[in-house]
Colleague: 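Next up is a structure, given as C-alpha cells.
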Amino acid sequence: MLVLGIETSCDETSIALVNNNDVILNLVYSQIQTHKKFGGVVPEIAAREHLKKLPILFSQLVKETQIDINEIDGIAVTKGPGLIGALLVGVSFAKGLAIRYNKPLVGVNHIVGHVYANYLAYPELRPPYIVLMVSGGHTLILKVNESMHIKIIGRSVDDAVGEAFDKVARLLGLGYPGGPEIDRISKDGNPKTFGFPRPKMYDPDYDFSFSGLKTSVLYEIKRLKDAGIEELPIKDLAASAQEAMIDVLLHKTTKAAKDFGIENIVLAGGVAANSRLREKLAEYTLEFNFFIPPLEFCSDNAAMIARAGMALLEDGKNDGLGLEPSPNLFEMIGDEW
Amino acid sequence: MLVLGIETSCDETSIALVNNNDVILNLVYSQIQTHKKFGGVVPEIAAREHLKKLPILFSQLVKETQIDINEIDGIAVTKGPGLIGALLVGVSFAKGLAIRYNKPLVGVNHIVGHVYANYLAYPELRPPYIVLMVSGGHTLILKVNESMHIKIIGRSVDDAVGEAFDKVARLLGLGYPGGPEIDRISKDGNPKTFGFPRPKMYDPDYDFSFSGLKTSVLYEIKRLKDAGIEELPIKDLAASAQEAMIDVLLHKTTKAAKDFGIENIVLAGGVAANSRLREKLAEYTLEFNFFIPPLEFCSDNAAMIARAGMALLEDGKNDGLGLEPSPNLFEMIGDEW
Amino acid sequence: METGCESCFELGILTEKELKSFARTFSQCLAEGDVIILSGEIGSGKTTFVRGLVTGLGCSEEIVTSPTFTLMNVYACSKTVYHLDAYRLNGIEDVFYVLEGEIEDRNGVFVIEWGNLIDSYFIEDVITVFFEHEDEKHRKVRLRVPSKRVSRFRRCLNFGEYKEQ
Amino acid sequence: METGCESCFELGILTEKELKSFARTFSQCLAEGDVIILSGEIGSGKTTFVRGLVTGLGCSEEIVTSPTFTLMNVYACSKTVYHLDAYRLNGIEDVFYVLEGEIEDRNGVFVIEWGNLIDSYFIEDVITVFFEHEDEKHRKVRLRVPSKRVSRFRRCLNFGEYKEQ
Amino acid sequence: MKLFALDTSTPRVVACYVDDEKKIFVELETKAKHGIQVSQVVEKMAEVDFGNLNIVGIGIGPGGLTGLRVGISFAYGLGIGNKFVQISSLKLIALNGLFYNGYIAVVRKAREGYLYSALYKPENGKLDEIVSPFIETVDLINERYREFSPKLFLGDGAEFFESDVKLNKFELSELSLPTARNLYLLACEEIENERFVNDIEPLYLQKSIAELNFEKRKKEGSV
Amino acid sequence: MKLFALDTSTPRVVACYVDDEKKIFVELETKAKHGIQVSQVVEKMAEVDFGNLNIVGIGIGPGGLTGLRVGISFAYGLGIGNKFVQISSLKLIALNGLFYNGYIAVVRKAREGYLYSALYKPENGKLDEIVSPFIETVDLINERYREFSPKLFLGDGAEFFESDVKLNKFELSELSLPTARNLYLLACEEIENERFVNDIEPLYLQKSIAELNFEKRKKEGSV
Ligand SMILES: Nc1ncnc2c1ncn2[C@@H]1O[C@H](COP(=O)(O)OP(=O)(O)OP(=O)(O)O)[C@@H](O)[C@H]1O
Ligand SMILES: Nc1ncnc2c1ncn2[C@@H]1O[C@H](COP(=O)(O)OP(=O)(O)OP(=O)(O)O)[C@@H](O)[C@H]1O
Ligand SMILES: Nc1ncnc2c1ncn2[C@@H]1O[C@H](COP(=O)(O)OP(=O)(O)O)[C@@H](O)[C@H]1O
Ligand SMILES: Nc1ncnc2c1ncn2[C@@H]1O[C@H](COP(=O)(O)OP(=O)(O)O)[C@@H](O)[C@H]1O
Ligand SMILES: [Mg+2]
Ligand SMILES: [Mg+2]
Ligand SMILES: [Zn+2]
Ligand SMILES: [Zn+2]
C-alpha cells in the first residue's frame, strides 16, 4: 500500500511517501534559523510556519519522487495530540488533497505514530508489545495488545526525560538540545563516578520522576565548586546523570514487560536515539526482543505517520471530510485509545 | 397502509386519504364556473388553478378527517402523463410535504391509477387482467401481467370514445359533457333503431376507430331531416349510437381477453360510468370477471392515485426529492411501462 | 361558405382519398410559420385532412390523432406540425395561453381545427380550408389563401389529382 | 534576590512540604486575573510550588506537570490555573503569541515559571515568588506583591505553618 | 425563529435557512429545470429540520411562470398551516443595488418584447417601492420612468436600457440575479412588519403576452 | 474555466464553484469551528469534480487566524500545482456596498481594542483600494480616514464608528459579512487581470495585538 503521510502536530513540518514498509522519501523541514534558540515553538508561529512549509515540502516530494498522486492508496495525517493551530494546517491540507484525488483519509494518533516508526525497520513486528515512549514532551510506558489496543501504564509525574536531558545539559553548560550533547560527551565519561538517585526506581508502579535528578546534578555541581574544583568533570557528570536516567527507564520498562508476560519491547521518541540506552539494551536481550526505530524516525516525522495510517487504511478506515484535529487526543480518552 | 394521494395531471384538482382499500376521504375540486364551457383546460390556466385549489383541498382534508399527517405511511402523487405545468404543482407540493413530515414519496402513472381505482372496490383483484381504459382523452386496451407489467395492446386510431360521446351529443343538440347525457336519454331509446357502423369491429387487431361514427350519426340526421322529419328521434339516435360504441368496445376487449387467455377484465376512465356498458357486461360474465370502479372513481381522482401509490410504497419504493413529472410518460417508453 | 372569394381555390367534391392527396400536395406549398385554419362541422374531415398533410412532410398518417382533448399535438416531421383544436377552448383568452405556454418554436406550421371559432385572434394572414359535408363519402373542400400568395399557391398546387377552380 | 524590598514577604528556608503548604495558603489570597511570576534557577522548586498551589484551589497535586515542553498547562480548579513556562520562549515576541493564541479567558490565575525572562512584558502589577537553592532539601522563598495589596496579603497569609518577615 | 425561504423566479434558485444555531445560504444555477434545482438546493440543506419550521418565505414573482409555481407549491407543502411571508422577486434583484444613490429599475424579460418591471429607491438601507411590478414594452417602460433620475437598470432585460452607471456585461449579469442573503433580508423585513399570510398570491401580472400583442395588432389594424 | 473559491476569514464561511454547466454558491454560519464548517460547505458541493479544477480562489484575510489557515491549507490541498488567485477578505466585505457613493471603510475586530481595516471607493461597479489593510485602534483609524467623506463602515467593528448611512443593527450585521456571489466577482476580477500565484500569502498583518498593547503601555509607562 502506497501512503502519503503528513505531520504538523508540533514544530516539525514533515511529509513522506511510504510503500508498505519502505520509505520512498521522508522530508522534514530543517530548522535553519540559528538565532532562535528553540525555533518556532509558540503555537501561533508554529502554525504559520507549517502553512509556509507544507506546500513547499509537498511540491518537493512530488518533484523528487515523480509520483502521480493518483497512484497513492491513501493519505494519513496526524490528528493529535499537538497544537491545535498546527494540526489544523496538516489536516486541512490533507482534506484538500483527499477530495481532489478522491483518496481515503485517516487521522493518526501521533503517539501511535511513534510506535509505528518501528515497523519501518522491523516489518515483522507484531503486537503485543510494551512501548517506552521517550521524548521532550512525553515519557510513557504503553501496553499494546494483540488487537492494537493501547493503554498507558506508566508516565512521568513531573519532568519528561527529554526535558531532564535538556536541563541537565544546561546545568552542565552544554548546548541545546541537551540529549544529543550529553550522549556525545558521555562516551568519554564514567557513568559510575557519581551515584545520582534513580527516583521511583523500586516503586511498584511503572511511573517515573525526573525532576529530582536535575537537583541532584545541580547540588553535586555546587558541592564540587564549594570543594574548590574549578574545572568540573563534565563528562563524568553527564555520563552519570545519563546512566541514572537510562537505568530507571530500562528497569521500569523491562519490569512492565515481565509483569505482563510480553517479550517485545519497542522504543520510540527522540530519546530513543540515545547510544547508551541502546548499549544497555544488550543486558536484557536474552529475555526480551527490542525494537528501536532508525535514528531518522525517532523524532517527529511523517513516515511514521504514513505507516501508522496504513494499518488503518488496510482496515478500510476513512475519516474523510469529518476528520477534525484532537489536540488533547491523549487525555481525552483517559488512559486508553 | 395509510396513504395521501394527490392528483393534478389535467383539469381536476384532487386530494385523498386512503387506508388500504378504504377511501377515508376523496376531495375533487368542483368546477363552479358555469360560464366557462369546459373549465380551465388550457395548460397555463390549469396550472394556475391547481396552485390555488390544492392548498385549499389539503386544508379541507386535514380539517374533515382530523388527520395528523405524521400518521400517514406515504404520499403518492401523479407523475404523468398530463400537462407539465399542472403536474409540477402536485409534485412540488408533494415534495414539500414529504420533506416536512419525512414520509416516503412515490410518483404514480395516471393510467395505472385508473386501473387501481378498481382495487378500491375489489381489494381481491389480482393481475393478470385486461384493462379497457376509456375516457375523454384515452381509449386503450392494456394487458397487465402477473408482475404488474403493463403493455398497450390496442388504442383508438382517431377519436377517443369519450370524445365520440361528446361529439355525438353535440350533433344531437345535447349538453356537455356528452357521455352522461347520452347515457341518460338512451335509457328511453331503442338501440336497434339505427344500425350505425362498428368500425374496425372485425379487424384482427385491438384498435378502435370512432371518427366514422360521428359522421354516420350526422348523415342519419340529415337523412331524417331531408325526409321531412322535424322532431328527430333523439333518444333512439342516442341509444343506437351508444350501442355501436359499447358493442365495439366490448367486442374488442373480450376478444383480447380470450386471445391472451385472461379471465379478468377491468374497466377504467370516465366512460366506464356508462350504464349501458355495465348492462351489456352481463352477456360476458360467464366467460370473464368484470371489474368496474365505483362511479366516484371513474373520472380523475386522487383516491386511485393513493391506492396505486400504495402498491409502490409497499414495495419500499421512495422517489423522494428526485421525483420529476413526466408529461409524456405514456409515450416515452413506447408501448410499455 | 362564402362565394365570390377572390383568393379561393375550389377543390370541389372529394373522396377521402382525394382529400388526403390534396392535403399532401398542399403541405409542400407551406412556409415556416404558416397558420392554417380548418373550418367545418363535426366529421367534415379536418382531422382526416391533417393525416394527408403530414404524409407530405415525411410522416406517416398513423401519428395523427384528434387534438380535441389534448388541445395540441405536435408532429416532428420535415417541418414541425402543431396540430391544434379550438373545439374545447373558451374563446380568445384560452387561445392566448395555449399559444404562449406551448409554442416556443416560431418555426413550423400551425394547423388549427375549428380555428374559425377564434378567428378574431388572427389578424395576420391565415390560410383557411373549408370543409362541407356532401354525403357520407364525399366532402366539399375550398381553400382560401392570402391574396399575395395566390399565384404561388396556384403554381404549387397545379400538380396532382384534384380539381381546381 | 534584591534586599530592601518594601512589599516583600520573606518566607525563609522551607522544606518541600512547607513550600507546598505555603503555596496552598497563598492560592487562597489570589484574585481573578492575577499574574504570578515564579523566578528561580533550574530545580529551585517552581513546579513544586504549583503543586501546592492547586491543592488550595480544590485540585490534586498529581495533575501538575512541567510546562517546559507544552508551554502552558491549564488546570480547571476552583479558579482556572494557567501554568506557563517561559523557559523555551525566544523572548517577548513569543510571549505575545502564546498569550494571544491561548488565553481567551480573562478569568483565572496565570502562573509563569521563568517569568523573569520576560518581565518586560509585564507592566501591570505582578506578584513574584523568588526561589533560591539552599541545599538539596531546602529552598529559600520570598514573595513580592504590588504595594497596594501588601496589607491584604499580610492578613491573608497570617495563618499557616511558614515564616514571615 | 426557524425560517426557510426560497425564490425560483429566475434561472438561479436561491434559498436560505436561519435559526438560532445556524444560517445556511444556497444559490444554484444549472441547466436543469426548476423542479430539479429546488430538490438539489434542499439536499444541500440536509441538516435542516424541515419538520419544525415556523416561517416559510417565498418569492412570488414576477418571473418564469413554471419556475414560480414549482417554488410556491413546494413552499405550500413545507409550510401549509404555518405562517408564510411573501417576497417580491423584482425587489429581491433590486437589493443588489442597495446603496445606489438614485432609482433602481428592475427589468426582466417576459416574452416578445415585453418585460416585467418595477422601480425602487434605496433609503437608509431599505428599498422604497416607487412603481409596483407591471408588464410593458421597452418604450413604454422608458416612458414611465422618464421622470426618475438617475437610474440603474438591473435584470436580464437591462441590455435594452441605458443605466446611469456603467457596468461591464459580466458584472451586470451577476448583479441581475438574486442572492440568498438578500432573500433573507427581505424575509426579515416582512417578518418584522408582521406581514404574514396563509395563502400565497403569485404575481403573474395581469395580461398574457399574446393578449397584449393581440390588442396591439388590433390597434395597428384599425389605424 | 472550473473555479472553486473559498473565504474563511469570518464566522460565515463562503464558497462558490463555477463552470460552464453550473454555478453553486454556499454560505454557512454555525457554532462549529471553521474546519468543520469548511467540510460541511464542501459536502454541499457534492456534484463538483474537485479533481478537475483549474483555478482555486482563496480569501487571504485579514481575519481570524485559525479560520484563515484552515481555508488556505485546504485551498492548497485542492489546488497545489495549479493556479491560485488571492482575494482580499476586507474587500470582499466592502463589496456589499458596491454602489455607495462615497468611501467604504471595512473594520473588523482583532483583539483588545484593535481592528483590521481598509478603505475602498466604488467606481463603476468596481472597488478601488484607497487604504490597504492595516491594524489599529479606533481612534487612529478615525484619524486616518478623516479626510475621506462620506463613509460607510462595514464589518463587525462598525459599532465603534459612525457611518454617514444609517443602517439598523441587524442589517448592518448581515452586510458586514461576505457573500459567495461577491467572492465570485472578486475571483473573476483577479482572473481577468491574470493575477495568478503559486504561493498564497496570508494577510495576518504585521504586529500581534499583545505587541501593540505592550508598546502602548510602554509609552504610557514612560509618560
Ligand atoms: N371524403 C371524405 N373526406 C374526409 N373524411 C371522410 C370522407 N368520407 C368519409 N370520411 C370519414 O368522415 C370522418 C371524418 O372525421 P374527422 O375526424 O376527420 O372529422 P373532423 O372534421 O376532424 O371532425 P371533428 O369536428 O370531430 O374534429 C372520418 O371517419 C372519415 O373516414
Ligand atoms: N524544599 C524544597 N522545595 C521544593 N522542592 C524541593 C525541596 N527540596 C527538594 N526539592 C526537590 O527539588 C526538585 C524541584 O523541582 P521543580 O521541578 O519543582 O523545580 P523547578 O524550579 O520547576 O525547575 P525548572 O526550572 O526545571 O522548572 C523536586 O524534585 C523536589 O522534590
Ligand atoms: N541522543 C539523545 N539522547 C538523549 N536524548 C535525546 C537524544 N536525542 C534527542 N534527545 C531528546 O529528545 C527530545 C526531542 O525528541 P522529540 O521526539 O523530537 O520530542 P517531542 O516530539 O516531544 O518534541 C529532546 O528533549 C532531546 O534532548
Ligand atoms: N355515463 C357516461 N357514458 C359515456 N361517457 C361518459 C359517461 N360519463 C362520462 N363520460 C365521458 O367520460 C369522459 C370524461 O372522462 P375522464 O376520465 O374524466 O376523462 P379524461 O381523464 O380523459 O379527462 C367525457 O368524454 C365524458 O363524455
Ligand atoms: Mg377533428
Ligand atoms: Mg518547573
Ligand atoms: Zn513526537
Ligand atoms: Zn384520467
Side-chain angles (χ1 to χ4, degrees), chain E residues 11-32 37 40-41 43-47 95-102 104 122-126 150 152 154 163-168 170-175 177-182 184-185 188-189 192, chain F residues 11-32 37 40-41 43-47 95-102 104 122-126 150 152 154 163-168 170-175 177-182 184-185 188-189 192:
Chain E
R12 185 172 296 180
V13 172
V14 309
C16 66
Y17 174 79
V18 173
D19 68 21
D20 299 326
E21 307 278 303
K22 55 185 176 278
K23 295 182 173 75
I24 311 172
F25 302 90
V26 178
E27 296 156 25
L28 187 64
E29 189 181 340
T30 73
K31 305 199 157 153
Q37 291 197 145
Q40 290 172 329
V41 162
E43 274 162 9
K44 292 178 192 311
M45 293 190 165
E47 61 265 70
L95 217 54
N96 284 320
L98 184 53
F99 291 98
Y100 183 60
N101 190 18
I104 302 171
E123 286 291 343
N124 289 325
K126 293 245 185 289
L152 164 65
L154 293 177
S163 280
D164 295 302
V165 181
K166 297 297 160 238
L167 293 173
N168 73 45
F170 164 69
E171 205 172 5
L172 175 59
S173 72
E174 276 298 317
L175 295 169
L177 288 164
T179 69
R181 194 272 307 278
N182 288 347
Y184 173 47
L185 289 178
C188 286
E189 195 179 317
E192 205 178 293
Chain F
R12 186 171 294 181
V13 172
V14 308
C16 65
Y17 173 79
V18 172
D19 69 20
D20 300 326
E21 307 278 303
K22 53 187 177 281
K23 296 183 173 75
I24 310 173
F25 302 91
V26 179
E27 297 157 25
L28 188 63
E29 189 181 342
T30 73
K31 306 200 155 151
Q37 290 196 153
Q40 290 172 332
V41 162
E43 273 162 10
K44 291 178 194 309
M45 293 189 165
E47 62 264 68
L95 217 54
N96 283 319
L98 184 52
F99 290 98
Y100 184 60
N101 190 19
I104 302 171
E123 285 292 342
N124 288 325
K126 293 242 185 289
L152 164 64
L154 294 179
S163 281
D164 294 303
V165 182
K166 298 294 158 240
L167 293 173
N168 73 47
F170 163 69
E171 208 172 4
L172 176 59
S173 73
E174 276 298 318
L175 294 169
L177 288 164
T179 69
R181 195 272 305 278
N182 288 346
Y184 173 48
L185 289 178
C188 286
E189 195 179 319
E192 206 179 293

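Throughout, a chain's letter reflects where its sequence line sits, starting with A, and its residues are numbered from 1.
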Colleague: Under the rule for ring-ring contact (aromatic ring centres under 6.0 Å, His included), what residues qualify as partners of F/Y100, not counting sequence neighbours?
Modeller: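 Listed in chain order: nothing, the list is empty.
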
Colleague: So which atom in E/F170 and which in F/C188 form the shortest heavy-atom distance, rounded to 0.1 Å?
Modeller: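 Taking E/F170 first and F/C188 second, the nearest heavy atoms are CZ-SG, 3.5 Å.
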
Colleague: Under a 4.5 Å heavy-atom cut-off, does chain E meet the side chain of F/N96, its backbone, both or neither?
Modeller: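 Both the backbone and the side chain of F/N96 come within 4.5 Å of chain E.
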
Colleague: According to the side-chain hydrogen bond (donor to acceptor under 3.5 Å, both in side chains) rule, which pairs have a member within residues 19-29 of chain E, sequence neighbours left out?
Modeller: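 For residues 19-29 of chain E, and leaving out neighbouring residues, the side-chain hydrogen bond (donor to acceptor under 3.5 Å, both in side chains) pairs sorted by first residue read E/R12-E/E29, E/Y17-E/D19.
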
Colleague: Of all of F/V41, F/I24, F/L185, which one pairs up most often with chain E through heavy atoms under 4.5 Å apart?
Modeller: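 Heavy-atom pair counts peak at F/I24.
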
Colleague: When you compare the side chain of E/T30 with that of F/E47, does any pair of heavy atoms fall below 4.5 Å?
Modeller: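 Contact flag for F/E47/E/T30 side chains = no.
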
Colleague: Any chance you could lay out the side chain to side chain contact (heavy atoms under 4.5 Å, CB included) test for E/L177 and F/F25, step after step, and finish with the verdict?
Modeller: CA-CA 12 Å; E/L177 288 164; F/F25 302 91; over 6 Å; no

Colleague: Is it the backbone or the side chain of F/L152 that comes under 4.5 Å from a heavy atom of chain E, or both, or neither?
Modeller: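 Side chain only.
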
Colleague: Please determine, among E/N101, E/V165, E/N168, E/L175, the option with the most heavy-atom pairs under 4.5 Å with chain F.
Modeller: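 Looking at each of E/N101, E/V165, E/N168, E/L175 in turn, E/L175 comes out on top.
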
Colleague: Pair E/R181, F/R181 - check side chain to side chain contact (heavy atoms under 4.5 Å, CB included), show working.
Modeller: CA-CA 10 Å; E/R181 194 272 307 278; F/R181 195 272 305 278; over 6 Å; no

Colleague: If only atom types and distance count, is the side chain of F/K166 paired as donor or acceptor with the main-chain N or O of E/N124 below 3.5 Å?
Modeller: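 The answer is no, because no donor-acceptor pair under 3.5 Å joins these two groups.
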
Colleague: Output the distance between atom NZ (E/K44) and atom CG (F/L28), rounded to the nearest 0.5 Å.
Modeller: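 So the gap between those two atoms works out to 13.0 Å.
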
Colleague: Measuring heavy-atom distances to chain E, does F/C16 have an atom under 4.5 Å in its side chain, in its backbone, in both, or in neither?
Modeller: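 It is neither, since no heavy atom gets under 4.5 Å.
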
